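Down below is the structure, laid out as structure tokens.
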2 protein chains.
Amino acid sequence: MQMNKKYKRNQRLIAITHQLMNKPNQLINLQDFASRFQCAKSSVSEDLAMVRMVFDEMQLGQLETLTGKTGGVIFRPQLSEEEIIAIQTQVKERLSEGKRILPGNYIFVNDLLQDPSVLNPIAQLIAAKYAEKEIDTILTIESKGIGLAAAVALYLNKPYVVVRRESTSGEGSTISINYTSGSTQTVKKMELSKSALKSHSRVLIVDDFLRNGGTLTGLLNLIEEFDSKAAGICVFAENKVKNRMNIPNYHALFETQLRYNNQLGHYQLEIEAGNFFN
Amino acid sequence: MQMNKKYKRNQRLIAITHQLMNKPNQLINLQDFASRFQCAKSSVSEDLAMVRMVFDEMQLGQLETLTGKTGGVIFRPQLSEEEIIAIQTQVKERLSEGKRILPGNYIFVNDLLQDPSVLNPIAQLIAAKYAEKEIDTILTIESKGIGLAAAVALYLNKPYVVVRRESTSGEGSTISINYTSGSTQTVKKMELSKSALKSHSRVLIVDDFLRNGGTLTGLLNLIEEFDSKAAGICVFAENKVKNRMNIPNYHALFETQLRYNNQLGHYQLEIEAGNFFN
């Protein structure tokens, strides 16, 4: 881009929309736009007012303005009501297809979170939910939640960290705890590199699935060991099993239920929108 | 959005740019835009011509047009030359900071790929490189490459799959192979769920680090077991060690070198742009 070229309003609107989309949940100074487009800050303000109007009307996201010298604009992506219904429908339909119930009554959801047509809107939904909370880091545990955590990190513009289930080389010193996993109550170990999480961090925990709560309880205990606290807990899906551990203030996008069908002689999976949408 | 509302050009340009950015590497039919904005397809074509001009001039990405009834437009994101230099500089600087050389001369790069200010441009760069290749699936091995693979999947609009290092519950039947890992030549096992990869898939392998090539060779062998082939191999960084296995047609964004500094009495890390940029 030539620095001395003037841009017309139409061109600025395209470039500004691109920039906002490329830097979600990030403060962009109005002067940056003004220098880039060789125009007055007042023109940029007018441009942004037009962008805001379209974004509001089409439910494409919020444009927050921070006034003052260090001020600027922050774009917070959101999904329209239409898109929310579409993604709910898509997930429900796809979870009704194929072999979803695995040995031990585990529910297979992996393929959905590895498909961008699901991952993209789900990550945007989660980012929109927590965008105005003070969050320093997104935290997940290997492996199935990592892709979702990374996508949420991109939209929230925050780093993510990964808790390991076993020591891996190349991580330096770690803090580890034991936790009970699954219906069999096996004791396992989880650990996080000491340098991965600063003390007094506000952490958003993201994972694929909540079953009996052992893993999430472990993650909450581990976060405490770092003198940090959970600012939120969000899972893609939950399956409310008996004797589940108490998990405070979590959001699940979908709720799955296994019901035994006497006529068919096997379990069937039922899927509903979760408490995330309440 | 009200379906009967007419949109002015300014408003359409904002909404079209948003839509293109939200659906990278995805065919969008011109009629979809026309119905959405209650305008003629010819107006949409004019809008897209304006978007294309700004995107070209500011190096924001390519707009490909496919003509015909099933035709439409595909947005292929790219980074500007300025942004490429900025991300190269940022990575080099950050790899020069902190404790990067770990026991066994492993190099710690994890924190970079978990930071959206690095992950976002790197994923876009990789997606831009392979956007016009025929790729069905992105494939990585747990755990450190997963976030990068997920981000590339979002930009390439393709699903990703994760090869496991050990059996996990809830994956159904798997195909596994043995491979030799690291300088110690330990024999390990990697496996992938049979249903995760269709036969005759064209696979883009994405990983964080290439050292002696054992893992990538294993992945190539595993893909063959699925009657599939690698359409590309891309790693964030490589460290050219002695006796490295031959890896065909890979791209590394960064090349790291450990050099022994006689005066300081320890190894120092040197970082250069990799063959990705040749």
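Chain naming here is simple, since letters A, B, ... match the order of the sequence lines and numbering starts at 1 in each. This structure is a prediction, so every number in the text was calculated from the model and none was measured. As a basis for the values below, the full set of heavy atoms in this structure was taken, side chains included, without hydrogen atoms, waters or symmetry mates.
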- Note on the structure: In this structure, CE of A/M58 is separated from CD of B/Q11 (nearest 0.5 Å) by 9.5 Å
- Query: What part of B/Q124 is in contact with chain A, defined as an atom under 4.5 angstrom from a non-hydrogen atom: side chain, backbone, both or neither?
  - Reply: side chain
- Note on the structure: Taken to the nearest 0.5 Å, the spacing of B/K144 NZ from A/E142 CD works out to 9.5 Å
- Query: Checking A/D111 against chain B: side chain, backbone, both or neither under 4.5 Å from a heavy atom?
  - Reply: neither
- Message: Is B/I138 in contact with chain A via its backbone, its side chain, both, or neither, using a 4.5 Å heavy-atom distance?
- Response: neither
- Query: Measuring heavy-atom distances to chain B, does A/E81 have an atom under 4.5 Å in its side chain, in its backbone, in both, or in neither?
  - Reply: neither
- Query: What option among B/L119, B/N10, B/L20 has the most heavy-atom pairs under 4.5 Å with chain A?
  - Reply: B/N10
- Query: Nearest 0.5 Å, what's the OG1-CD distance between A/T137 and B/Q114?
  - Reply: 10.0 Å
- Distance from A/Y160 atom OH to B/D115 atom CG, nearest 0.5 Å? 10.5 Å
- Item | Nearest heavy-atom neighbours spanning A/L154 and B/A151 | CD1-CB, 3.9 Å
- Note on the structure: The interface call for B/N120 against chain A, heavy-atom contacts under 4.5 Å, is both
- Query: What part of A/K23 is in contact with chain B, defined as an atom under 4.5 angstrom from a non-hydrogen atom: side chain, backbone, both or neither?
  - Reply: neither
- Considering only heavy atoms, which portion of A/V118 lies under 4.5 Å from any heavy atom of chain B: side chain, backbone, both, or neither? neither
- Item | Residue pair B/S143 / A/R164: nearest heavy atoms and the distance that separates them | CB-NH1, 3.1 Å
- Note on the structure: From the list A/R9, A/Q19, A/K158, A/M53, the residue making the most non-hydrogen contacts under 4.5 Å with chain B is A/K158
- Item | Contacting moiety of B/K99, where chain A heavy atoms sit under 4.5 Å | neither
- Item | Interface moiety of A/I16 toward chain B, non-hydrogen atoms closer than 4.5 Å | neither
- Among A/L13, A/N157, A/I14, A/V54, single out the residue with the greatest number of heavy-atom pairs under 4.5 Å to chain B. A/I14
- Could you give the distance from CG (A/L148) to CD1 (B/I146), rounded to the nearest 0.5 Å? 12.0 Å
- Note on the structure: Note: B/A150 and A/G147 closest approach over all heavy atoms is CB-CA, 3.7 Å
- Task: Report the distance from atom NE2 of A/H18 to atom CG of B/L60, rounding to the nearest 0.5 Å.
- Result: 4.0 Å
- B/M21 vs A/N22, side-chain contact (heavy atoms from CB on, under 4.5 Å): CA-CA, chis, key distance, verdict: CA-CA 8 Å; B/M21 293 285 293; A/N22 202 29; 4.0 Å; yes
